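Bear in mind that the values here come from a model prediction, so they are computed numbers and not experimental data.
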Amino acid sequence: MTDSEQRMETLMLVDSPEFERIMECVFGIQSHETRTYFRLFELQGSTVSELATDLERDRSNVNRSLSTLSEKGLVERERRLLDGGGYVYQYYAVPVPDAQERMHEAVDEWAETVHERIDEFGP
């Protein structure tokens, strides 16, 4: 059984799962990534360094969390040119309603698969 399947199974046993746990299960992310998403939601336009300081985490760990969240479509980044030359990336959490819509779509797809498996069962 995959980690994602174990999470889904565990989540199904909870009467009132927290939004964060559902998010972790649906997107296959860790709790520190969920925490990064919600903190970024409050600090839109932050850099990796700013988030690392705020979250009291190592920059490399925050960068990995942001990469994962970006792959899942939960975070976007923009390149900002610096006055003295060079650039820095600023990160933005997608609005919660967008994340909720993606979650609904993922759960609907999963439910459809489960219904198909149920219908396949039989003599």
Show me the donor-acceptor pairs within less than 3.5 Å that the side chains of residues 90-105 make with the rest of the protein, sequence neighbours left out.
unit_1, atom_1, unit_2, atom_2, d
Gln90, NE2, Gly45, O, 3.0
Arg102, NH1, Gly73, O, 2.2

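- Applying the salt bridge (charged side-chain N to carboxylate O under 4.0 Å, His left out) test to Arg117 and every residue at least two apart in sequence or in another chain returns Glu120.
- Ser67 places a side-chain N or O within donor-acceptor distance of the main-chain N or O of Asn63, the cut-off being under 3.5 Å.
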#### Entry: From CA spacing to verdict: side-chain hydrogen bond (donor to acceptor under 3.5 Å, both in side chains), Thr34, Glu24
CA-CA 7 Å; Thr34 305; Glu24 291 163 12; 3.3 Å; yes
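- Rounded to the nearest 0.5 Å, atoms CZ (Arg80) and CG (Leu82) are 5.5 Å apart.
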Only pairs under 3.5 Å count here: list side-chain donor-acceptor contacts from residues 54-62, not counting sequence neighbours, and write none if there are none.
unit_1, atom_1, unit_2, atom_2, d
Asp54, OD1, Arg39, NH2, 3.1
Asp54, OD2, Arg39, NE, 2.3
Asp54, OD2, Arg39, NH2, 3.4
Arg57, NH1, Thr36, OG1, 3.1
Arg57, NH1, Ser65, OG, 3.4
Arg57, NH2, His32, ND1, 3.2
Arg57, NH2, Asn61, O, 3.4
Arg57, NH2, Ser65, OG, 3.3
Asp58, OD2, Ser60, N, 3.0
Asp58, OD2, Ser60, OG, 2.3
Arg59, NH1, Ser49, OG, 2.3
Asn61, OD1, Arg64, NH2, 2.3

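- One N or O on the side chain of Glu33 and one on the backbone of Gln30 form a donor-acceptor pair closer than 3.5 Å.
- Atom CZ in Phe27 sits 9.5 Å away from atom CG in Leu69 (nearest 0.5 Å).
- Two residues are said to be in side-chain contact when any heavy atoms from C-beta on lie closer than 4.5 Å; Phe38 and Met23 meet this criterion.
- The line from NE2 of His115 to CD of Glu112 is 8.5 Å long, rounded to the nearest 0.5 Å.
- In this structure, CD1 in Ile29 is found 6.0 Å from CG in Leu74, a value given to the nearest 0.5 Å.
- To the nearest 0.5 Å, atoms CG (Leu51) and CZ (Arg35) are separated by 10.5 Å.
- When the side chains of ILVMFWY residues are joined at heavy-atom separations under 4.5 Å, either directly or via intervening members, Leu66 and Tyr89 end up in a single hydrophobic cluster.
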